[in-house]
Amino acid sequence: MSEPDRRQPMSDGRWIQCQGCRGMIHHRRFARDLGVCSECGHHHPVTAEDRVEQLLDPGSAVPVESAAVLADPLSFVDSVPYPDRLAGARERTGLADAALCARGRLAGRPVVLVAMDFRFLGGSLGAAVGELVTVAAEIAVRERRPLITVTASGGARMQEGVLSLMQMAKTSQAFAELDEVGVLSVSVVADPTFGGVAASFATLADVILIEPGARMGFAGPRVIRQTIREELPENFQTAGFLLEHGMVDAVVPRQDLRGALGRLVAATVPVTAPAGLSASDGGGGGETGAVPYVPEERDPWEVVRLARDLGRPTTADYAGLLLEDFQELRGDRVFGDSRSVVAGVGRLGGVPVMLIGHQKGHTTRELVASNFGMPPPEGYRKAARLMRLAEKLRIPVVTLVDTPGAYPGVTAEERGQAVAIAENQRLMARLTVPVVSVITGEGGSGGALALGMADRVLICANAWYSVISPEGCAAILWKSPAAAPLAARALRLDAGELLRLGVVDGVVPEPEGGAHTDPVLAARLLGAAVGTALADLLPLSAAELVRRRHGRFRGFGLPAADSAPVAVPVVAAAQR
């Protein structure tokens, strides 16, 4: 495992030379900008002490100590004895080892922070760092505090041999305990993060943020070239490369890190009562006694055309209009990140939610970037990853469905499109947190259902939901795409028919003329409907949620439905 070369910025005490553009920065401005060049944006290394000061609320940091570890387990000597190398690093940095830990508060909320320091033997992972990270995780478990790690490391510490390798197992085990008790973990990746740190706690966190230009990987580029003589892609293992390949959630400039972390902590605190939301019947679900909103009858083909209007709000639009402290999360941690699914955490009426939805766009450029709302497997796997995170943190899942269907291309089949859709359905069937799904535009086939197995399924008045698109049905059964309007009528895919069939539980009204005519009002109507559904569902136990969801889908296709459509009185009142 490698320790990449690390150049500190040159300084004469007052002026500092940028490692990126080679320009000169006054030391006061350098400090004010948190070590980021104001000209080129290059992120210079900062110390562990700097990280604690930059991220935690002023005056809140309380140092955490860990137990003493074996000082020199191998009696290791290379050019100098290991104890002498440790002593030199301690003298240069003033640190006991390559990391610091502190309890503190972030945006007023308690957290545990571990910050690594590359100056200390390349930030290598030895017994002392492994013990400190493990102690921090144990505190987070015991005190139910989110754990934040800031990594900068060349890998495991060679001078401690196999015991340094065991720190990967030790810290991974500690993070598994965080998962078991439902405590949030966030990794902030600084440059560089390689080897044993990258292959353990840096990438096991629930959310991974990375600074611009930072590098992360198991083996460094130099090792790869020397070992297998392989040419590497441009920007290999850098922040943008990792975001594109689904390995991190966001690239966050250092000046924005504290805000992003604060939003994550605020948006993932679970609630036990539906504060800020009003239930339609006090939490029972089922028949409420209120009069459901029933849309006016219209030609199904006209509904299909309205559902496809490019002015309709997208998931990204709804996230901005509905949620406080929304933080987008990206990547499937396997292959890539699909822009045809937008997801993240935020608060709806004070209640933390995981929002996941299909994404289209309003312009040709946006539509192309989002693949016209047709997700490949990595889109569905991203959704599944974040549903699991919502279950771990005990926060509700809200899905917004708007897709003509899953992407049918060769690459999607190569990466397991059918498996991804099937696994999402199985996962949603057993989620133990409330799940609300709203068809906001097009509900095309299994690509829609992969986000649609919910406790409450709602549909916007001008949306549709069907086993196939009208054009697809017309081409197969009528042998002509021109028969699409006829197929739309035969499929009974509009909101009123879906409510009659019990496929949806309620219809969300839209502004006159459609959601595209007034996106702000459309968002308010949708938010009211989702809030009503969540207020009904939040008081229910995990077992009751799963039982009711099972019963809901178990009855489809049988002569008599076991449950009546759910009324949506809040949105009906909002429309008036």
Side-chain angles (χ1 to χ4, degrees), residues 175 179 184-187 189 193 198-210 216-218 233 236-252 264 268 315-316 319 327-345 354-360 369-393 397-403 405-428 430-431 435 446-453:
F175 270 61
D179 293 338
L184 175 71
S185 58
V186 184
S187 174
V189 177
T193 296
S200 59
F201 61 91
T203 52
L204 286 177
D206 299 316
V207 177
I208 304 175
L209 309 179
I210 189 169
M216 181 174 70
F218 182 60
F236 181 63
Q237 295 180 320
T238 61
F241 178 93
L242 295 165
L243 182 68
E244 180 184 349
H245 287 80
M247 302 303 167
V248 299
D249 287 283
V251 179
V252 183
L264 283 168
T268 54
T315 295
Q327 176 65 53
E328 185 180 358
L329 303 176
R330 293 175 60 177
D332 68 349
R333 298 294 188 270
V334 177
F335 177 84
D337 177 67
S338 168
R339 303 307 295 148
S340 51
V341 173
V342 165
V345 290
M354 181 68 74
L355 178 69
I356 304 169
H358 297 98
Q359 177 70 14
K360 289 182 179 177
S370 66
N371 202 34
F372 296 86
M374 296 186 291
E378 48 269 28
Y380 293 114
R381 290 183 176 125
K382 171 169 65 174
R385 176 176 78 84
L386 296 178
M387 289 179 202
R388 293 187 186 98
L389 176 56
E391 181 157 51
K392 168 184 168 175
L393 299 176
V397 173
V398 176
T399 67
L400 303 182
V401 174
D402 184 12
T403 179
Y407 181 59
V410 173
T411 56
E413 294 298 321
E414 289 175 341
R415 297 197 292 272
Q417 183 71 289
V419 175
I421 292 171
E423 288 183 342
N424 270 28
Q425 293 174 76
R426 178 171 61 183
L427 171 64
M428 295 187 79
R430 306 304 294 173
L431 286 176
V435 185
L449 185 59
L451 297 185
M453 288 193 64

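- Put simply, the side chain of D249 gets close to the backbone of R330: a donor and an acceptor are under 3.5 Å apart.
- K382 places a side-chain N or O within donor-acceptor distance of the main-chain N or O of S338, the cut-off being under 3.5 Å.
- Distance CZ/R385 to CG/D206: 8.5 Å, rounded to 0.5 Å.
- Of all heavy-atom pairs spanning S187 and A202, the tightest one is OG-O, 2.8 Å.
- Once rounded to the nearest 0.5 Å, the distance linking CD1 of I421 with CG of L449 reads 9.0 Å.
- With sequence neighbours left out, Q327 forms a side chain to side chain contact (heavy atoms under 4.5 Å, CB included) with A250, A260, R263, L264, L329, V345.
- Scanning all heavy atoms of the two residues, the minimum distance from A198 to M216 falls at CB-CG, 4.0 Å.
- Side chains of T315 and D402 form no contact here, defined as non-hydrogen atoms less than 4.5 Å apart.
- The backbone N or O of P375 sits nowhere less than 3.5 Å from a side-chain atom of N371 that would complete a donor-acceptor pair.
- The side-chain heavy atoms of E423 and P377, taken from C-beta on, include no pair separated by under 4.5 Å.
- Counting only heavy atoms from C-beta outward, the side chains of H358 and V401 approach each other to under 4.5 Å.
- S185 has its side chain within reach of F175: a pair of non-hydrogen atoms, C-beta onward, lies under 4.5 Å apart.
- Remark: Q417 pairs with no residue by the side chain to side chain donor-acceptor pair (under 3.5 Å) rule, at least two apart or across chains.
- Side-chain atoms of R381 never come within 3.5 Å of backbone atoms of N424 as a donor-acceptor pair (strictly under, hydrogens ignored).
- Using a 4.5 Å heavy-atom cutoff, the side chains of L209 and V207 are in contact.
- In plain terms, the two heavy atoms of L386 and A343 that are nearest each other are CD1-CB, 3.4 Å.
- For the atom pair CD1 (I208) and CG (L243), the distance works out to 11.5 Å, reported to the nearest 0.5 Å.
- Checking side-chain atoms of Y380 against main-chain N and O of A422 turns up no donor-acceptor pair under 3.5 Å.
- Using modelled atom types, no side-chain atom of S370 and backbone atom of R339 make a donor-acceptor pair closer than 3.5 Å.
- Remark: H245 NE2 to Q237 CD distance equals 11.0 Å, nearest 0.5 Å.
- Judged purely by atom type and a 3.5 angstrom limit, Q359 uses its side chain to pair as donor or acceptor with the backbone of A316.
- Applying the side chain to side chain contact (heavy atoms under 4.5 Å, CB included) test to V435 and every residue at least two apart in sequence or in another chain returns V397, M428, L431, A454, D455, R549.
- Between A390 and M354, the shortest heavy-atom contact is CB-CB, 3.8 Å.
- The two residues A319 and L355 come nearest to each other via the heavy atoms CB-CD2, 3.7 Å.
- Here the side chain of T399 pairs no donor or acceptor atom with the backbone of I356 at under 3.5 angstrom.
- The closest side-chain heavy-atom distance from V334 to R415 is not below 4.5 Å.
- Atoms CZ and CD1, on F241 and I210 in that order, are 11.5 Å from each other to the nearest 0.5 Å.
- The CD atom of Q425 lies 14.5 Å from the CZ atom of R430; values are rounded to the nearest 0.5 Å.
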